[in-house]
Protein chains: 2
Amino acid sequence: MSNLALGSTDLQATVSLCCQPLGKEELSAADSEKISVIFKALSDPVRLRLFSKIAAQPGGEACVCDIQDVGVSQPTVSHHLRKLREAGLLESERRASWVYYRVAPGVLSAMAGLLSQTT
Amino acid sequence: MSNLALGSTDLQATVSLCCQPLGKEELSAADSEKISVIFKALSDPVRLRLFSKIAAQPGGEACVCDIQDVGVSQPTVSHHLRKLREAGLLESERRASWVYYRVAPGVLSAMAGLLSQTT
DNA sequence: CAAATGATTTGATGGATGTCAACATAGAGG
DNA sequence: CCTCTATGTTGACATCCATCAAATCATTTG
C-alpha cells in the first residue's frame, strides 16, 4: 500500500455529483448501487466507531495505533480501515513507522446533503 | 402485522438524543451499535432504492404496489420493507387492500444532524 | 545485518444475509 | 362462501462477511 487514493472511490463524484437529496428525487438503480456502498461501509459497529474516532480527532487524522482499542484484534482493525478506505470514506498515509488515516474531504457534507430536508 | 410502531426502533431517540455529530465527538461502543443498525438498513441497493422511492413520493407515502419494480421478487420486496421498518426508518399502515409505507418522522433530519459539519 | 515495532495480507471458519418458491393471511366483491 | 388481488411469512440455499491466527511487509534502531 502506498498513497492516498489507492483503491478508493471518488466519493465526492459519487455522492455530490450524482444525486438529489433522498426526499426530493428517487435514486436510479445505478446510483443506489453506488451509494449503498457508502452506507455499507458504516453499517458495521466497529467500522462506524473507527470512523467516528478519526472524524472526531482534533487534527483531523489518527494513527492506527491510537484507535486500536475497539475490542477486536489488530488485523481486524486493519481490515475495517481498508474497507472504509475502499469505500472512499478515508484516506491513509504512511509517515515513518506509522500509518495515519483521515476522513476524505467532502465526505461528511456530501452525505449530509444526501439526507438534507427538502420540505 | 398491524400498526405503525410494530417491531420498530424509536429512531428519534436513537439518533437525535444520543449523539453529537460524527466530526465532533467519538461514538461510544453502545451508540455505534445502535447507529450502525440504521446504516445497515440502507446498505443494500434494493433497500436504499425502496427507501428513496418512498422518501421522494409527493404525498410522503407509497403503496407497496407502486414501488415493486426494483428487480427482485415480491416476497423479497416485502422482506426489505420489513427490515427498513424494523430499523425505524419506515412506518407502515394498511388501508383496505393496500399497505402504505412512509418515512418515519425525524429520520432524515436526525441522520443529517449526525453527519453535519462542525468546522 | 539483525532485531523490534507497526501495519497489512492470507487462509480458514462460523454466522449473517439476500434471494426465491411455496404457502399463508387479509380484504374486496361477486 | 369462494375467488381474486395484495402482502406477508417460511424454509432452503448460496453468497457474503467479520473475525482471528499466522505469515508477510515496512521502517526504525541497535
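Order of the sequence lines fixes the chain letters, A, B, ..., with proteins taken first and strands second; residue numbering starts at 1 for each chain. Computed from heavy atoms alone, side chains included, the values below leave out hydrogens, waters and symmetry copies. Note that the coordinates shown come from a computational prediction; the quantities given were computed from them, not determined experimentally.
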**OP:** Tell me, please, whether A/Y100 has A/R95 positioned over its six-membered ring: NZ or CZ under 6.0 Å from the ring centre and within 45 degrees of its axis?
**Re:** yes

Original post:
In whole Å, what is the span from the CD atom of B/E93 to the P atom of D/dT7?
Top reply: 14 Å

Original post:
Can you tell me how far P of D/dC17 sits from CD of A/E86, to the nearest Å?
Top reply: 11 Å

**OP:** Output yes when a side-chain donor or acceptor of A/R47 lies under 3.5 Å from a complementary backbone atom of A/K40, and no otherwise.
**Re:** yes

Subject >> Angle of first-five versus last-five pair axes in the helix from C/dC1-D/dG30 to C/dG30-D/dC1, to 10 degrees >> reply: 10°

Subject >> Contact under 4.0 Å: B/Y101 side-chain N or O vs D/dG8 OP1/OP2 >> reply: yes

**OP:** Summarise how protein sits on nucleotides 24-30 of chain C as a single string, 5' to 3': B when a protein heavy atom is under 4.0 Å from the base, S for sugar-phosphate-only contact, - for no contact.
**Re:** --SSS--

Original post:
Whole-Å distance between D/dT19 P and A/Q74 CD?
Top reply: 14 Å

Original post:
Can you give one letter per nucleotide of nucleotides 12-19 of chain C, going 5' to 3': B for a protein heavy atom under 4.0 Å from the base, S for sugar-phosphate only, - for none?
Top reply: -----SSB

Original post:
Could you state the CD1-P distance from A/I67 to C/dG6, rounded to the nearest angstrom?
Top reply: 15 Å

**OP:** Please determine if a side-chain N or O atom of A/R82 lies less than 4.0 Å away from the OP1 or OP2 oxygen of C/dT9.
**Re:** yes

Original post:
Mind checking whether A/V103 and A/L90 have side chains closer than 4.5 Å, heavy atoms only?
Top reply: yes

